Amino acid sequence: MQHLPLPRPARNIMTESRRININVPVLARVEGEGALELSVRNNHLEDLKLRIYEPPRLFEKFLEGRSYDEVADIVARICGICPVAYQMSAVHAIEQVFACDPGPWVRAMRRVIYCGEWIESHSLHIHLLAAPDFMGYSSAPEMARDYPEEVRRGLRLQALGNELIRLFGGRSVHPVGVCVGGFHHAPTLTQVAQMCIKLQTAIDEAKALISWAASLEIPEESLAFTSVSIRHPDEYPMNEGRLVSSTGLDFTIEEFEEHIIEHQVAHSTAFHALLDGKPYLVGPLARINLNSDLLPSHIADVVRTTGISFPSQNMFHSIVARAIEIYFALIEAKNILEEYEIPRSPYIDVNPQSGVGYGCTEAPRGLLWHRYELNNKGEVVKATIVPPTSQNQARIEDNLRDSLEAYGLDRSDDEIRLHGEKIIRNYDPCISCSTHFLKVNIQRQ
Amino acid sequence: MTPFCIIGIGSPFGDDQLGWHIVDMLQQDTRLAQLPRQQMTFIKTDRPGARLLELMQGAEMVIMIDAMESGASPGTIKCFEGHEIEALISPLSSHGFGVGSALKLGQALGNLPNKVILYGIEISNKFLNDPAGEMNKPDISYFNIEKIVNRIASESNSLHT
């Protein structure tokens, strides 16, 4: 849907304090609009609210009454950029209810399709959103005039990620190949061999991307925040593991709700989630902060050459974390596909039964947690979906509070707006995924 | 890719599916049916972002149809061309990279089709925000959809010939 641009409200200077209303239309489609509202008194922040306006998503309600075998196709529609993540968390949760294990082939190929999504999503963010910020351009098209090759590299990697998703998903937007029990089809040996060649060709480019990302003028900043991600004993996390935090927490995905509570805030239609009462970070930086020891040694060597060491408390290092994960995902997918064999069947048959199941996987933007309650026919009685952006909301507000004060609130509204946008973009919020109010009338005090 | 491409842009939310719906109707339209099929592709896509460039690759002429919110009365059609489409707004997230951004990017990289036209069709915002609104079909009862299809079909036909 097309929205026409809204005029930005003029700054309103009062005698003692000024109220800065910065409208940041997120735009384009149903992604909603975000607005940042700051109340400043004597150059100090009195109040900060990141407002998310957005039609309610209601996918949790749409799922009620639907059969288990429809869930993967429905949740894929929550997001056009990360449909695989939604499918992965959903099928894992449902397979837990049915107490079935699709086996090593399915497990490995799920990792491959997930790699495709990381490559596609991270490439888009690095080249079209983060890089223009760090290189001093107001937009990717503007940057493309001076740095067309860099932008083309981003589009190339994004297209390759999409192709990897298509290999198993049939199509890259709302892929349909994933099902409870495995995949509807297995790609042919020829298709896989061709994909391996393409992945191999992109690996050097991705290696160079890490140094390029690290060489950008990244602001120096050290913020206090807690990182949270999945951790698996012997692999960089994607589809399974326990949940860990940089504060030493370590719990199962079934215990998620004992530690992480979502709550409504009056100023946003997105939930805010807190870890034991406090904001926390999920996403590529949190993942690498907690799992850098699980990167293969040759990738860790490349990371070392950047001079950036992880864990890092500089949120702007997210761009480097994304570049590292692209490189990792290309190598991981290639390694798995080099051993590819046509399975006897790409899925296992499942026996629907009632129960509760949990799925938690690492979406490009971080933890994506699903819980499903099914009846004995395998129909959804209740669904709960906690996307990464709602988990990062409170952290984004904290980051804005700290960074904007440090930046200087005596600056012009435009400067503050640009800096605020840069901070928000760094989290790559999926604003449409993070809103799922069930009641439209919000009581405001 | 065929030389002529019609792309319906949308999302699964209420009236935002209008672009898809119109592409379905255009595919059935007799005027467009006269054009050789090997010259023409119909695509329905969900919030394509920068991938729009990939979808248009190789086409000489592209017509896009998308739902629009501009304050006009529902059913109003606006036709945008070239720079008019590129009313770029800086996105906060890769999810917000819209049609305007994608075209501006394509132009900067020098790989846009010769002719790109966007038909924006005003929808009623209430159907997007209505939590009781149906996910699966747009409410098109409040405007004359046939008229819209007629206009796009006859204009695409004349543009093509």
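A note on names: the letters A, B, ... follow the listed sequences, proteins ahead of strands, and every chain is numbered from 1. Since this is a predicted model, take the numbers as computed values, not measurements.
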Do R51(B) and L124(A) touch side chain to side chain, with heavy atoms closer than 4.5 Å?
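Contact flag for R51(B)/L124(A) side chains = no.
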
As an exercise: rank G154(A), A144(A), A130(A) by heavy-atom pairs under 4.5 Å with chain B and give me the winner.
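Going by pairs under 4.5 Å, I would pick A144(A).
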
If you tally heavy-atom pairs under 4.5 Å against chain B, which of E120(A), R145(A), R152(A) wins?
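Ranked by heavy-atom pairs under 4.5 Å with chain B, first place is R152(A).
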
Does CZ belonging to F134(A) count more than 12 external heavy atoms closer than 6.0 Å?
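Enclosed: over 12 neighbouring heavy atoms sit under 6.0 Å from CZ of F134(A).
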
Let me confirm one number: the NZ-CD distance from K104(B) to E142(A), rounded to the nearest 0.5 Å.
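Going from the NZ atom of K104(B) to the CD atom of E142(A) covers 8.0 Å.
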
